[in-house]
2 protein chains.
Amino acid sequence: MLTPRKLAILQAVIDEYILTGLPIGSRTISKRNDMNVSSATIRNEMADLEDDGFLVQPHTSAGRIPSDKAYRLYVNMLMHTIDLDENERNSIRKYFDVKMQEIEQLIGVTAQALSETTKLTSVVIGPQTSQLKLKRVQLVKIADTTALIVFVMDTGVIRNMTVQIPQDITPEYLEALSQSLSKCVEDKTMQEAVNEIRNSFSLEKGENRRLLDTVIDTVSKSDSEVQERNIIFGGTENIFNHPEYRNIDKARDFLKLLEKKDNIYNMMSKATDMEFSIKIGAENDIDQLKDMSVVMATYKFGNSKIGSFGVIGPTRMNYGKIMSILSYVGSNISSILNYMIDDDDGLYLK
Amino acid sequence: MLTPRKLAILQAVIDEYILTGLPIGSRTISKRNDMNVSSATIRNEMADLEDDGFLVQPHTSAGRIPSDKAYRLYVNMLMHTIDLDENERNSIRKYFDVKMQEIEQLIGVTAQALSETTKLTSVVIGPQTSQLKLKRVQLVKIADTTALIVFVMDTGVIRNMTVQIPQDITPEYLEALSQSLSKCVEDKTMQEAVNEIRNSFSLEKGENRRLLDTVIDTVSKSDSEVQERNIIFGGTENIFNHPEYRNIDKARDFLKLLEKKDNIYNMMSKATDMEFSIKIGAENDIDQLKDMSVVMATYKFGNSKIGSFGVIGPTRMNYGKIMSILSYVGSNISSILNYMIDDDDGLYLK
DNA sequence: GTTAGCACTCGTATGTGATGAGTGCTAATA
DNA sequence: TATTAGCACTCATCACATACGAGTGCTAAC
């Protein structure tokens with residue numbers, strides 16, 4: 001049974017451990033002024049908490065440290081998000097106070113802001129263009145056999161790629177094609193659009209056929225690749241800030257994981273259904289993160305969640321604070337994104 | 001004086017040290033079958049080499065390790081580039097055997113190929129568009145108040161960015177403007193082009209003036225930013241492969257350096273005048289690299305060197321091998337780049 | 001000029017004992 | 001019955017001592 005006192009003790013252990021990273025002994029807890037019982041009593045309670053799987057002893061004569069289960073309970077029940085003070089807000093806001101030219105810059109700034117304020121490794125994935133709806137398509141001839149194909153999403157995001165075209169295609173033809181393609185893809189996702197084009201234009205023959213095929217081909221190929229690259233990390237060196245990770249082999253594994261990107265990318269994109277997602281220790285699917293925690297949040301563009309960002313660090317992290325930071329960073333991202341589309345003379349979104 | 005025997009001993013020490021990373025003693029050298037003198041003789045010679053600054057003793061009763069000066073001599077005189085065998089060539093070629101869609105992919109693959117075959121940290125910087133000549137400019141209206149501005153470089157590289165435009169600008173006007181802009185910027189670098197536009201169109205007034213100003217503004221701003229982002233690293237975790245860097249604080253500093261990017265970017269772009277550039281230990285301008293070596297090479301597009309790539313690792317690296325690898329990787333990059341422009345139905349360069 | 005021999009150096013590994021934080025358990029207490 | 005004081009016990013950590021061995025510099029002999 002988790003009596004109120006047990007909960008209080010557990011909370012105290014977690015708080016203390018998050019602060020120091022050292023195993024917490026019974027006396028440390030009993031000395032806290034909100035505890036009015038002796039260390040012996042605490043010891044008995046702690047023994048019970050250990051039996052219930054909330055505390056772990058690294059070795060017989062050491063204090064206790066919280067288990068993943070304890071952190072989970074903490075996050076679910078005991079934690080109060082910690083409001084940021086004016087100073088902290090300012091130091092975050094100053095990252096976003098520069099004029100953003102393109103979405104990549106925003107992603108970079110976000111990663112930086114996150115890692116520097118949390119002192120953890122940050123991850124940001126860019127807008128998932130695959131989930132956005134298309135507004136129009138524009139083909140532009142830029143060389144004899146090369147055209148640029150530009151996708152304008154409903155949020156204003158632009159994606160473009162080059163495509164080889166037969167030599168005798170005229171700009172006027174491309175303009176006409178752009179018009180009819182635009183009609184047919186409006187309000188569809190990239191993937192849907194590709195299918196739609198396949199169907200609607202299935203009767204085309206000859207040169208047109210070849211052109212369309214190349215377009216479809218190029219688009220679908222690049223779709224997967226763009227995503228893979230659209231993830232960035234910040235403060236990778238912060239992994240060393242935490243004594244429990246001052247271990248070369250762990251660090252190497254971690255860097256390797258970041259370098260591969262796709263594992264983390266998958267993890268991040270899975271989490272887009274909730275406002276926050278917290279994975280503690282073994283709750284992580286990725287092996288190398290089994291003794292770390294990942295806290296993620298999503299950002300919105302208009303009404304739909306189109307990307308996510310978060311931090312990776314030791315299970316011993318200040319969840320309350322981290323969540324407040326994520327939340328504040330998120331609101332900054334949103335306002336920048338909106339600013340980017342709304343503002344008439346300033347900032348443009350690529 | 002550096003007698004032939006001294007040189008041979010120095011070479012032996014370097015070879016051995018590159019292999020093991022441990023201080024090399026006189027007996028180790030004298031046992032090599034190409035040495036027919038006793039360890040005592042070697043000791044005397046080594047003492048001389050130490051006086052001349054080619055060898056260093058980490059402490060009194062340890063063997064010797066080569067100094068930066070020794071590596072420099074080695075690279076200049078003693079080193080023979082080591083031909084790659086069929087296996088090694090294949091394992092590199094397989095990285096480039098995939099179809100490349102865009103230049104970013106090529107950069108990524110290069111970084112990967114380099115870091116995996118050298119087991120070092122690799123750096124690749126993308127084509128320096130600022131040094132390329134423009135072929136034409138194309139403005140395309142993609143929304144009510146947004147246009148895409150596309151720069152086509154003479155090598156086929158394309159750069160584009162969005163720009164806000166007054167609402168009443170027609171596509172036809174943009175087309176006409178594209179024509180006259182193209183004429184005026186042809187064969188100039190981005191920077192020259194901006195100046196040229198400023199001069200040639202200095203008489204424009206009103207709406208046109210505003211449009212032009214916005215274009216010039218956007219372009220010059222983004223010019224610097226694009227470059228900054230156009231550098232990527234591979235195999236950062238390889239820093240830990242070398243015993244001399246199994247030191248957390250060194251590793252942290254190194255990661256921090258990579259994260260900042262601009263220092264390394266500057267170093268890399270300085271080195272574009274030579275085929276190879278080797279910086280050994282203290283020859284590096286960057287503090288954190290004072291005990292590492294950087295080997296860089298450049299790649300060409302058409303006739304001009306437009307980017308560079310290389311590796312960063314311990315001064316104790318197999319320079320001969322590394323250079324062969326860089327050279328082979330370089331030739332792969334070139335052929336891919338040419339393929340990208342020449343091939344009519346396959347690959348496109350963004 | 002080369003080499004064998006030897007005393008010397010010094011980093012590394014190993015072992016030992018002291019220290020102290022923290023525990024579990026028992027018996028006394030409220 | 002819950003709490004607490006007291007105490008024996010555990011065990012990681014640290015300081016210190018010792019042994020080991022790779023490698024050196026130097027000298028004297030070849």
Side-chain angles (χ1 to χ4, degrees), chain A residues 1-10 12-17 19-67 70 243-244 246-247, chain B residues 1-10 12-17 19-67 70 243-244 246-247:
Chain A
M1 273 305 81
L2 275 179
T3 63
R5 192 171 67 187
K6 280 199 173 65
L7 274 181
I9 291 173
L10 186 57
V13 171
I14 293 175
D15 284 346
E16 209 71 30
Y17 185 68
L19 221 63
T20 64
L22 268 30
I24 309 301
S26 51
R27 232 178 81 82
T28 316
I29 302 298
S30 78
K31 271 187 305 190
R32 283 171 64 119
N33 49 11
D34 52 346
M35 287 289 161
N36 297 315
V37 288
S38 77
S39 66
T41 308
I42 306 279
R43 269 202 293 285
N44 291 329
E45 298 283 54
M46 281 167 93
D48 291 351
L49 284 167
E50 184 169 359
D51 289 341
D52 293 344
F54 291 108
L55 293 179
V56 177
Q57 249 184 322
H59 61 264
T60 323
S61 65
R64 260 86 171 192
I65 61 178
S67 66
E244 51 268 58
R246 301 197 117 244
N247 168 312
Chain B
M1 274 306 82
L2 275 180
T3 63
R5 192 171 66 186
K6 280 201 173 63
L7 274 181
I9 291 173
L10 186 56
V13 171
I14 293 175
D15 286 345
E16 208 71 31
Y17 185 67
L19 222 61
T20 65
L22 269 31
I24 309 301
S26 53
R27 232 178 79 84
T28 315
I29 301 298
S30 78
K31 270 188 305 189
R32 284 170 65 118
N33 49 10
D34 52 344
M35 287 289 161
N36 297 316
V37 288
S38 76
S39 64
T41 310
I42 306 279
R43 270 203 291 285
N44 291 330
E45 299 283 54
M46 280 167 93
D48 291 352
L49 284 168
E50 184 169 0
D51 288 342
D52 294 344
F54 292 109
L55 293 180
V56 177
Q57 250 184 321
H59 60 265
T60 324
S61 65
R64 260 85 170 194
I65 62 178
S67 67
E244 50 268 60
R246 304 197 114 243
N247 170 312

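Order of the sequence lines sets the chain letters (A, B, ...), proteins ahead of strands, with each chain counted from 1. No hydrogens, no waters, no symmetry mates; every other heavy atom, side chains included, goes into these values.
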* Just call it for A:Ser26: base, sugar-phosphate, or nothing, with non-hydrogen atoms closer than 4.0 Å on any strand. => sugar-phosphate
Calculate the interatomic distance between [X] atom [atom1] and [N] atom [atom2]; express it in whole Å.
| X | N | atom1 | atom2 | value |
| --- | --- | --- | --- | --- |
| A:Arg5 | D:dA2 | CZ | C1' | 8 Å |
| A:Arg27 | D:dT4 | CZ | P | 14 Å |
| B:Ile9 | D:dG23 | CD1 | P | 16 Å |
| A:Asn36 | D:dA2 | CG | C1' | 15 Å |

* To do: Would you mind telling me which of A:Ile24, A:Asp34, A:Leu10 makes a side-chain contact (heavy atoms from CB on, under 4.5 Å) with A:Ile29?
  => A:Ile24
* To do: Specify the closest pair of heavy atoms between A:Glu50 and A:Leu55, including all atoms of both residues, with the distance to one decimal.
  => CG-O, 3.5 Å
* Asked: Has the side chain of B:Ser67 got a donor or acceptor atom that lies under 3.5 Å from a matching backbone atom of B:Gly53?
  -> yes
How long is the straight-line distance from [atom2] of [Y] back to [atom1] of [X], given to the nearest 0.5 Å?
| X | Y | atom1 | atom2 | result |
| --- | --- | --- | --- | --- |
| B:Asp48 | B:Arg5 | CG | CZ | 9.5 Å |
| B:Glu45 | B:Leu7 | CD | CG | 10.5 Å |
| A:Met46 | A:Ser30 | CE | OG | 10.0 Å |
| A:Asp15 | A:Thr20 | CG | OG1 | 10.5 Å |

* Asked: Toward the 5' end of DNA chain C, which comes first, A:Ala62 or B:Ser39, by nearest nucleotide?
  -> B:Ser39
* **Most 5' of A:Gly25 and B:Ser61 on DNA chain C, judged by nearest nucleotide** => B:Ser61
* Please list, in 5' to 3' order, the outermost nucleotides of DNA chain C lying under 4.0 Å from any heavy atom of chain B. => C:dT2 to C:dG11
* Are any non-hydrogen side-chain atoms of A:Phe54 and A:Leu2 less than 4.5 angstrom apart? -> yes
* Within-4.5 Å side-chain heavy-atom neighbours: B:Leu49 and B:Arg64 -> no
* To do: Output yes when at least one side-chain N/O atom of A:Thr60 is less than 4.0 Å from OP1 or OP2 of D:dC11, else no.
  => yes
* **Positions of residues 41-53 of chain A (non-hydrogen atom under 4.0 Å from DNA chain D), listed by number** => A:Thr41, A:Arg43, A:Asn44
